[in-house]
S.K.: 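Structure in structure tokens, see below.
One is the number of the first residue; the rest follow in order along the sequence. Nothing here was measured: the structure is a model prediction, and the numbers come from that model.
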Amino acid sequence: MPLALLALAIGAFGIGTTEFVIMGLLPEVAADYGVTIPTAGLLVTGYALGVVLGAPLMTVLGTRIPRKRMLMVLMGLFVVGNVLSALAPSFGLMLTGRVVASLAHGAFFGIGSVVAAGLVAPEKKAGAIAMMFTGLTVANVVGVPFGTFLGQSAGWRATFLVVAGLGVLGLAGIAKLVPEQPRPEGIRIRHELAAFRNTQVLLAMAMTVLGFGGVFAAITYITPMMTETAGFADSSVTWLLVLFGLGMVAGNLIGGRFADRRLMPLLYVSLGSLAVVLALFTFTAHNKIAAAVTLTLIGALGFATVPPLQKRVLDQASAAPTLASAVNIGAFNLGNALAAWLGGIVIAAGLGYTAPNWVGAALAGSALVLAFVSSALERRTPTAGQVVAEAAALRQPERAATAPH
């Protein structure tokens, strides 16, 4: 794997830390601003919606800029947003900082996926994408637990200042390690938008929204669930997030390994298992050991879907992959926003902190249904190679009839 993938992974590490660390700090942020836990959950929803809006917007702007320079611009925007979050005197400004940082997220992973896939042979594309996303998963093993510990001991504002420093490090890594690439020639927005007329692209994005949304339904409110329901101490949240992060790393690597060979079967297994495990989390959350094991499985199964879903979009939109790739990253976060919002609703309705797990199970199960629909449509739709082969077969009788005897 090229060294440039390390630079992309560094940037992904910073982005992953700021995206997920807020889950471990919701009680501290809520107490500081005098808002409820569901209201503080808007920091998750707002970030996710910012990714959804920022992914296509920043990608379109990036079509006029060389990809390396655009990645550097995005990391600069990320740094500004996290500094604003750290210094915000009010909840509204804190939310604004989260949104500013989120604008870099979708385009970074979307453009980064295209760059990563272009650095390796075609049969290694999913592995290269998974390598970049390893930064995101490792953030949940190192960055998020450390950020949570730092926020609980030195104040949550210190966490976001450190995250801004990670952004500076990511910017330097991209400047040093990513090779210069010319601005893509011949790209027209109309051409990029044509990919969204492909039913398979839309189905893959819908699977992304629902499948990863299932993970966030549970994880957004993991701190009150583990402390109030499972009975863990506040200090235990740090190592619980380490377990979740280790599961994410394992799932991401497994997904990258098998997506190049058995993409759809991998999605069937991961989405189906995720739905079952999320449903079981409603019950296992009442036992410390069972809750810890289940949390690890959710991380593994959730991130096992990331490389195959991202590769599926790239494959189906191969003629114009950049915008589709970025929008699919937005789709992950649309699922996050939807799940965080639905989870807040069921908690506010008095159904308890484990209720979001049922929401997550329903979302993941819906994604599994769409995976079967996508496969069924693909079997009924002939590929270009099949059309050529069938046309050649039809011409064979004509050649036989006109051949000299």
Side-chain angles (χ1 to χ4, degrees), residues 5 8-24 44 47-48 51 105 108-109 112-113 116 126-149 163 166 207-208 211-223 225-226 237-259 266-267 269-271 273-275 277-278 281 291-311 328-329 331-333 335-336 339-340 357 360 363-364 367:
L5 292 176
L8 297 175
I10 292 171
F13 179 86
I15 291 175
T17 300
T18 203
E19 179 182 17
F20 290 100
V21 76
I22 191 64
M23 267 75 83
V44 178
Y47 184 95
V51 177
H105 185 128
F108 181 87
F109 282 107
S113 292
I129 294 170
M131 184 65 69
M132 181 187 69
F133 275 93
T134 297
L136 181 64
T137 57
V138 171
N140 284 272
V141 180
V142 180
V144 172
F146 173 76
T148 301
F149 171 77
V163 169
L166 289 174
M207 282 187 272
T208 297
F212 207 70
V215 175
F216 254 67
I219 298 305
T220 297
Y221 303 99
I222 194 63
T223 298
M225 190 190 309
M226 292 296 94
V237 174
T238 298
W239 68 261
L240 286 170
L241 290 174
V242 170
L243 291 179
F244 176 69
L246 288 172
M248 291 173 66
V249 172
N252 181 61
L253 294 176
I254 292 171
R257 180 177 179 82
F258 290 100
L266 174 63
L267 284 177
V269 172
S270 57
L271 289 173
S273 300
L274 179 61
V277 170
L278 282 167
F281 200 23
V293 172
T294 307
L295 186 61
T296 307
L297 288 174
I298 291 173
L301 293 169
F303 254 77
T305 67
V306 174
L309 284 171
Q310 193 69 4
K311 182 176 185 293
N328 195 52
I329 298 298
F332 280 106
N333 285 270
N336 299 352
N357 297 326
L363 292 173

S.K.: For the atom pair CG (Leu309) and CG (Leu267), what is the distance rounded to the nearest 0.5 Å?
M.R.: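 Those atoms lie 5.0 Å apart.
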S.K.: Between CG of Leu266 and CG of Leu271, what distance do you get to the nearest 0.5 Å?
M.R.: 8.5 Å
S.K.: Supply the atom-to-atom distance Met225 CE to Asn357 CG, rounded to the nearest 0.5 angstrom.
M.R.: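 CG of Asn357 is found 4.0 Å from CE of Met225.
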S.K.: Passes side chain to side chain contact (heavy atoms under 4.5 Å, CB included), Phe109 versus Ile15? Steps please.
M.R.: CA-CA 10 Å; Phe109 282 107; Ile15 291 175; 3.6 Å; yes
S.K.: What distance do Thr17 atom OG1 and Phe146 atom CZ have between them, rounded to the nearest 0.5 Å?
M.R.: 10.5 Å
S.K.: Going by heavy atoms in the side chains, are Phe216 and Leu363 under 4.5 Å from each other?
M.R.: no
S.K.: Can you give me the closest heavy-atom contact between Phe108 and Ala12, atom names plus distance?
M.R.: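 Closest approach of Phe108 to Ala12: CE2-N, 3.8 Å.
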S.K.: Can you measure from CZ (Phe281) to CD1 (Ile219) and round to the nearest 0.5 angstrom?
M.R.: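 It is 6.5 Å, given to the nearest 0.5 Å.
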S.K.: Are the side chain of Thr305 and the backbone of Leu301 linked by a donor-acceptor contact shorter than 3.5 Å?
M.R.: no
S.K.: Quick one, Phe303 with Val215, criterion side chain to side chain contact (heavy atoms under 4.5 Å, CB included). Give me CA distance, side-chain angles, the key distance, then yes/no.
M.R.: CA-CA 9 Å; Phe303 254 77; Val215 175; over 6 Å; no
S.K.: Show the nearest heavy-atom pair for residues Val242 and Pro145, with the distance to one decimal.
M.R.: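 Looking at all heavy atoms of both residues, the closest pair is CG2-CG, 3.2 Å.
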S.K.: Might you point out which heavy atoms bring Gly255 and Pro308 nearest each other, and give the distance in Å?
M.R.: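 Taking every non-hydrogen atom into account, O-CD, 4.1 Å.
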S.K.: Please round to the nearest 0.5 Å and tell me the distance separating atom CD1 of Ile222 and atom CZ of Phe244.
M.R.: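 Between atom CD1 of Ile222 and atom CZ of Phe244 there are 8.0 Å.
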S.K.: Identify the heavy atoms of Ala364 and Leu278 that sit nearest to each other, and give their distance.
M.R.: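 Heavy-atom minimum between the residues: CB-CD1, 4.4 Å.
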S.K.: Taking all atoms of both residues into account, what is the closest heavy-atom pair of Gly16 and Ala139, and its distance?
M.R.: C-CB, 3.8 Å
S.K.: Identify the heavy atoms of Gly211 and Ala367 that sit nearest to each other, and give their distance.
M.R.: N-CB, 3.5 Å
